[in-house]
Enquirer: 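I am attaching a structure below and will ask some questions about it afterwards.
Since this is a predicted model, take the numbers as computed values, not measurements. Letters go in sequence order (proteins before strands), and every chain restarts at 1.
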There are 4 protein chains.
Amino acid sequence: MAVAEPESAPRRRAPRVDAIRNRDAIVEAAAAALAEQGTSVDVREIARRSGVGMGTLYRHFPKKEDLVHTVLRREFSDWAASARQQAIDADDPWAALADFYRQALDGYARHRAIMERFALVSSDSDPDGIRQLRLVIEELHAGAADLLRPGVTTEDLLLLLVSLGHAVQVTDECRPQLWHRLLHISLDGLRAGHAGPLPAGPSTQDSNRRRR
Amino acid sequence: MAVAEPESAPRRRAPRVDAIRNRDAIVEAAAAALAEQGTSVDVREIARRSGVGMGTLYRHFPKKEDLVHTVLRREFSDWAASARQQAIDADDPWAALADFYRQALDGYARHRAIMERFALVSSDSDPDGIRQLRLVIEELHAGAADLLRPGVTTEDLLLLLVSLGHAVQVTDECRPQLWHRLLHISLDGLRAGHAGPLPAGPSTQDSNRRRR
Amino acid sequence: MAVAEPESAPRRRAPRVDAIRNRDAIVEAAAAALAEQGTSVDVREIARRSGVGMGTLYRHFPKKEDLVHTVLRREFSDWAASARQQAIDADDPWAALADFYRQALDGYARHRAIMERFALVSSDSDPDGIRQLRLVIEELHAGAADLLRPGVTTEDLLLLLVSLGHAVQVTDECRPQLWHRLLHISLDGLRAGHAGPLPAGPSTQDSNRRRR
Amino acid sequence: MAVAEPESAPRRRAPRVDAIRNRDAIVEAAAAALAEQGTSVDVREIARRSGVGMGTLYRHFPKKEDLVHTVLRREFSDWAASARQQAIDADDPWAALADFYRQALDGYARHRAIMERFALVSSDSDPDGIRQLRLVIEELHAGAADLLRPGVTTEDLLLLLVSLGHAVQVTDECRPQLWHRLLHISLDGLRAGHAGPLPAGPSTQDSNRRRR
DNA sequence: GATGAATGAGTTTTCATTCAT
DNA sequence: AATGAATGAAAACTCATTCAT
């Protein structure tokens with residue numbers, strides 16, 4: 001790590017090692033805490049687990065939200081990558097798709113914060129996280145295109161993931177594995193061979209409202 | 001005033017009207033607030049919306065949790081009943097099932113508190129709420145039994161509802177109706193005609209556990 | 001609703017019966033509640049026990065304090081009278097004194113509010129209550145004067161009552177009767193035959209202040 | 001100071017000074033407030049007097065009860081120690097006993113919270129506080145054993161303290177020193193030379209019970 | 001006159017964020 | 001730069017007192 005660094009050079013790089021170590025520790029601890037307790041976790045809990053002081057934590061992440069975002073982005077990536085790996089190891093395209101779902105859902109169930117924030121993440125605040133996931137799914141989609149019923153989109157596959165994710169979470173405590181049946185059913189619904197065309201999808205006719 | 005009013009008669013029902021009006025206003029306001037903001041909504045917000053003071057609110061519902069429970073039970077019932085009605089009005093068993101899901105999901109998406117509590121509601125804390133829903137689904141299940149693939153259980157249908165509910169919520173803001181496609185797919189997966197049997201389901205082999 | 005009540009007469013006496021009944025019920029209930037829970041008892045608890053509404057209670061006693069005072073005055077009188085009766089039934093002056101203390105202390109221990117307020121009652125706010133008690137003690141004092149050491153005042157006897165009252169209360173739960181020993185000791189200290197004179201007593205030299 | 005102190009060493013004790021100062025300020029302020037107003041004192045009052053924010057107070061004492069306990073324990077110890085010192089400085093065993101009572105009662109009178117909690121303190125919740133006091137009294141008891149009437153126990157002496165404590169408090173405002181006479185009387189009652197034996201004491205015959 | 005529902009200021013406690021050391 | 005103590009605005013809940021019926 002930059003042994004020399006004589007006298008003249010840009011004086012401002014030395015303590016970086018510590019800073020990075022701290023930042024990593026914070027992110028690591030936050031990831032665990034967020035997975036367990038969701039985004040309502042106390043910031044101090046994270047500081048404690050990281051082994052750093054509150055000040056250090058806030059130097060790296062001025063707002064709790066910043067930390068949450070950073071962490072979720074990373075978790076999201078890891079999660080997507082891990083599921084993707086599972087798919088790559090599969091024997092055939094269909095198995096790849098199925099294995100991807102199984103692996104992803106298994107992880108999803110254990111991460112409270114990812115669940116809480118999926119809506120936000122997917123829509124606007126973090127286009128990157130979801131994009132990555134979409135890429136993975138696109139890949140699987142392309143690979144299994146012939147086996148899927150016509151009209152199925154990557155978007156559909158993504159939404160199925162989110163959807164089953166909730167089922168997993170809701171049933172994980174008292175009925176583990178119950179969701180496997182639902183995954184099986186849904187995948188069957190995706191197979192080529194089904195007659196009818198799928199409904200229109202997200203037309204632009206703003207038929208949804210919300211809000212006070 | 002009140003010339004007649006013999007001797008003994010009714011004398012004591014008048015003030016109740018106000019109380020009932022207030023209680024209703026509270027429940028109404030709480031329902032709206034809970035739907036929008038979830039169970040973390042501020043009690044004062046509810047009091048303000050109801051047009052009553054904190055004391056009045058707490059007279060009717062000694063704990064915030066009491067109010068939440070009361071409201072959610074009601075909302076749950078209304079929601080289930082409305083979806084059931086939709087099913088009853090359908091032409092054939094399959095349409096009944098599909099219409100039920102459509103109606104239920106449409107309502108589900110708009111209620112943050114119902115979503116938040118579904119897990120709890122479904123497991124133990126409010127057996128009545130979920131039981132009601134399960135009965136409706138059982139009814140539909142029985143009606144469409146011949147059209148469903150063998151092995152599909154009421155439990156599966158219930159979980160599908162929860163599962164899609166999340167999908168609806170996540171996409172409702174920016175892609176309304178996207179979930180209709182997913183529903184279509186899932187229902188197709190449920191149709192008779194699919195070859196393979198469904199996976200075992202919630203066996204007792206404790207194959208997944210929470211960590212640390 | 002006073003049917004007759006011609007034209008002239010003092011219009012304002014008829015419904016008094018109800019009012020009195022209510023007032024009595026309130027005082028009765030308040031006495032019990034105050035004895036059990038002390039002056040911090042909830043006004044609504046008293047209303048409930050009385051079987052009257054809050055409005056009625058507040059019509060009779062515009063402030064909680066008014067009710068407390070009224071009740072304590074009455075309880076105080078009853079208590080003093082009952083102890084006095086015990087003394088009257090005794091065989092000799094000394095026994096009268098001892099029996100009085102025993103009876104009074106036994107009642108005192110069961111009345112949280114009397115204890116709490118003794119200080120106030122005795123000093124200024126309710127000169128009547130304490131006066132009554134003082135009269136009883138004066139009577140006993142006079143009767144047993146020959147048996148008491150010189151210099152003992154009615155004031156001393158009164159304070160001894162208060163003092164032992166606290167001891168009774170503190171020990172009543174876990175060591176009932178322990179206070180009997182202390183009473184015995186104190187009475188022995190009051191007997192004629194003790195040599196030394198008693199200390200000066202409440203001289204005007206303001207040797208007490210309060211606070212930091 | 002501490003010349004050497006190579007490279008790694010102490011690094012971390014500075015900020016503690018403030019914390020300790022604050023903690024002390026809180027305890028100090030709480031002691032005063034509790035003495036004046038008893039345990040019902042508003043936590044904010046204590047924070048204000050300490051000059052710290054609510055958060056700081058709650059950092060040091062997570063529950064109001066924690067603060068109360070900490071303070072009372074300290075006050076209790078100080079109080080007992082100070083009274084003991086007074087006893088040690090006395091010329092003879094009897095004077096030691098008397099001086100102890102005088103000193104203790106003088107302090108007791110000024111502390112509402114100590115009074116309020118004595119019952120609790122003495123029975124179970126804080127065995128340490130009362131134990132300390134009992135030890136002191138045991139010491140005095142042993143020293144003055146020959147001068148005391150037979151059968152007097154440490155328990156009696158302790159109860160006498162509590163008992164007189166209340167008398168002090170009740171009279172302290174308007175009749176300071178009145179209690180000195182009562183102390184004198186009681187101590188005389190404790191002297192050897194009294195004929196009759198003391199009553200049985202806390203026998204197990206449950207002869208008095210709380211109602212409802 | 002009676003009723004009891006309504007009021008709202010006041011109490012304890014939490015937690016994101018700042019700042020002195 | 002790091003530390004962790006300090007801050008104070010909320011939030012849930014209570015209760016003496018008032019007021020419409």
Side-chain angles (χ1 to χ4, degrees), chain A residues 12 14-16 18-19 22 40-48 51-65 67, chain B residues 1-2 11-23 40-45 47 50-65 67, chain C residues 1 14-16 18-19 22 40-48 51-65 67, chain D residues 11-23 40-45 47 50-65 67:
Chain A
R12 51 134 60 138
R16 207 51 155 279
D18 276 57
N22 274 336
S40 70
V41 68
D42 192 325
V43 181
R44 268 172 291 200
E45 165 87 1
I46 297 175
R48 202 175 325 117
V52 307
M54 292 292 288
T56 305
L57 193 155
Y58 271 85
R59 162 172 292 275
H60 288 288
F61 305 95
K63 297 275 172 195
K64 182 187 182 181
E65 194 53 30
L67 175 56
Chain B
M1 72 296 287
R11 265 321 179 88
R12 65 140 44 140
R13 201 102 276 171
R16 212 50 155 282
V17 177
D18 267 60
I20 289 176
R21 205 193 334 275
N22 274 331
R23 199 194 134 100
S40 71
V41 66
D42 190 330
V43 180
R44 275 172 302 188
E45 164 89 0
S50 323
V52 306
M54 290 293 291
T56 304
L57 196 155
Y58 273 88
R59 158 180 279 274
H60 290 288
F61 304 95
K63 299 275 174 199
K64 182 186 182 183
E65 195 53 30
L67 176 56
Chain C
M1 52 276 311
R16 207 49 157 279
D18 274 58
N22 275 336
S40 71
V41 68
D42 192 326
V43 181
R44 267 171 292 200
E45 165 87 1
I46 297 174
R48 200 177 326 116
V52 307
M54 292 292 287
T56 306
L57 193 156
Y58 270 86
R59 162 172 291 276
H60 288 289
F61 305 95
K63 298 276 173 196
K64 182 186 182 182
E65 195 52 31
L67 175 56
Chain D
R11 266 317 181 87
R12 61 143 46 142
R13 203 102 273 172
R16 213 51 155 280
V17 176
D18 267 61
I20 288 176
R21 207 194 331 277
N22 273 331
R23 199 194 135 100
S40 71
V41 66
D42 190 330
V43 180
R44 277 172 303 186
E45 164 89 1
S50 324
V52 306
M54 291 295 290
T56 304
L57 195 155
Y58 272 87
R59 159 181 278 273
H60 289 288
F61 304 96
K63 299 275 174 198
K64 182 185 182 183
E65 196 53 30
L67 176 56

Enquirer: Measuring to OP1 and OP2 of E:dG1, would you say a side-chain N or O of C:N22 lies under 4.0 angstrom away?
Expert: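 The answer is no; no side-chain N or O of C:N22 sits under 4.0 Å from OP1 or OP2.
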Enquirer: Starting at the 5' end of DNA chain E, which residue's closest nucleotide do you reach first, D:R21 or B:V52?
Expert: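 Its nearest nucleotide being more 5', the pick is B:V52.
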Enquirer: Using a 3.5 Å limit on both pairing distances, list the dot-bracket string of DNA chain E from the 5' end; Watson-Crick and G-U wobble pairs count, crossing pairs take [ ], interstrand pairs take |.
Expert: .||||||||||||||||||||
Enquirer: Given that B:R23 and A:S40 both sit by DNA chain E, which one's nearest nucleotide is further toward the 5' end?
Expert: B:R23
Enquirer: Could you check whether any side-chain heavy atom of D:R23 comes within less than 4.5 Å of a side-chain heavy atom of D:I20, counting everything from C-beta outward?
Expert: no
Enquirer: How many angstroms lie between CD in C:E45 and OG in C:S40, if you round to the nearest 0.5 Å?
Expert: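 Between C:E45 CD and C:S40 OG, I get 11.0 Å after rounding to 0.5 Å.
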Enquirer: Roughly how far, to the nearest 0.5 Å, is the NZ atom of D:K63 from the OH atom of D:Y58?
Expert: 8.0 Å
Enquirer: Between C:T56 and C:N22, which heavy-atom pair has the shortest distance, and what is it?
Expert: CG2-ND2, 3.9 Å
Enquirer: To check you understand the geometry: which heavy-atom pair defines the closest contact between D:L57 and D:V52, and what is its length?
Expert: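 Closest heavy-atom pair between D:L57 and D:V52: N-CG2, 4.3 Å.
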Enquirer: Hey, does the side chain of D:R44 come within less than 4.0 Å of E:dG10's phosphate (OP1/OP2), counting only N and O?
Expert: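 Answer is no, no contact under 4.0 Å.
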Enquirer: Measure from NZ on B:K64 to P on F:dC13 and round the result to the nearest Å.
Expert: 8 Å
Enquirer: Ignoring the backbone of C:M54, work out which of E:dG4, E:dT3, F:dA11 is nearest its side chain.
Expert: E:dG4
Enquirer: Among the candidates F:dA16, E:dA2, E:dA16, find the nucleotide nearest to the side-chain atoms of C:D42.
Expert: F:dA16
Enquirer: Going by heavy atoms closer than 4.0 Å, what residues in residues 55-63 of chain C are next to DNA chain E?
Expert: C:G55, C:T56, C:R59
Enquirer: Residues two or more places apart in sequence or in another chain: which of them pass side-chain hydrogen bond (donor to acceptor under 3.5 Å, both in side chains) with B:R44?
Expert: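 Once residues adjacent in sequence are excluded, the partners of B:R44 under the side-chain hydrogen bond (donor to acceptor under 3.5 Å, both in side chains) criterion are B:D42.
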Enquirer: Rounded to the nearest Å, what distance is computed from the CD1 atom of residue C:I46 to the P atom of nucleotide F:dT17?
Expert: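 Whole-Å distance recorded here is 12 Å.
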Enquirer: What is the distance, to the nearest angstrom, from the CG atom on B:D18 to the C1' atom on F:dT18?
Expert: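 Taking atom C1' of F:dT18 as the reference, CG of B:D18 is at 15 Å.
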Enquirer: What are the two closest non-hydrogen atoms of B:A47 and B:M54, and how far apart are they?
Expert: CB-SD, 4.1 Å
Enquirer: What is the distance from CD1 of D:I20 to C1' of F:dG4, rounded to the nearest Å?
Expert: 14 Å
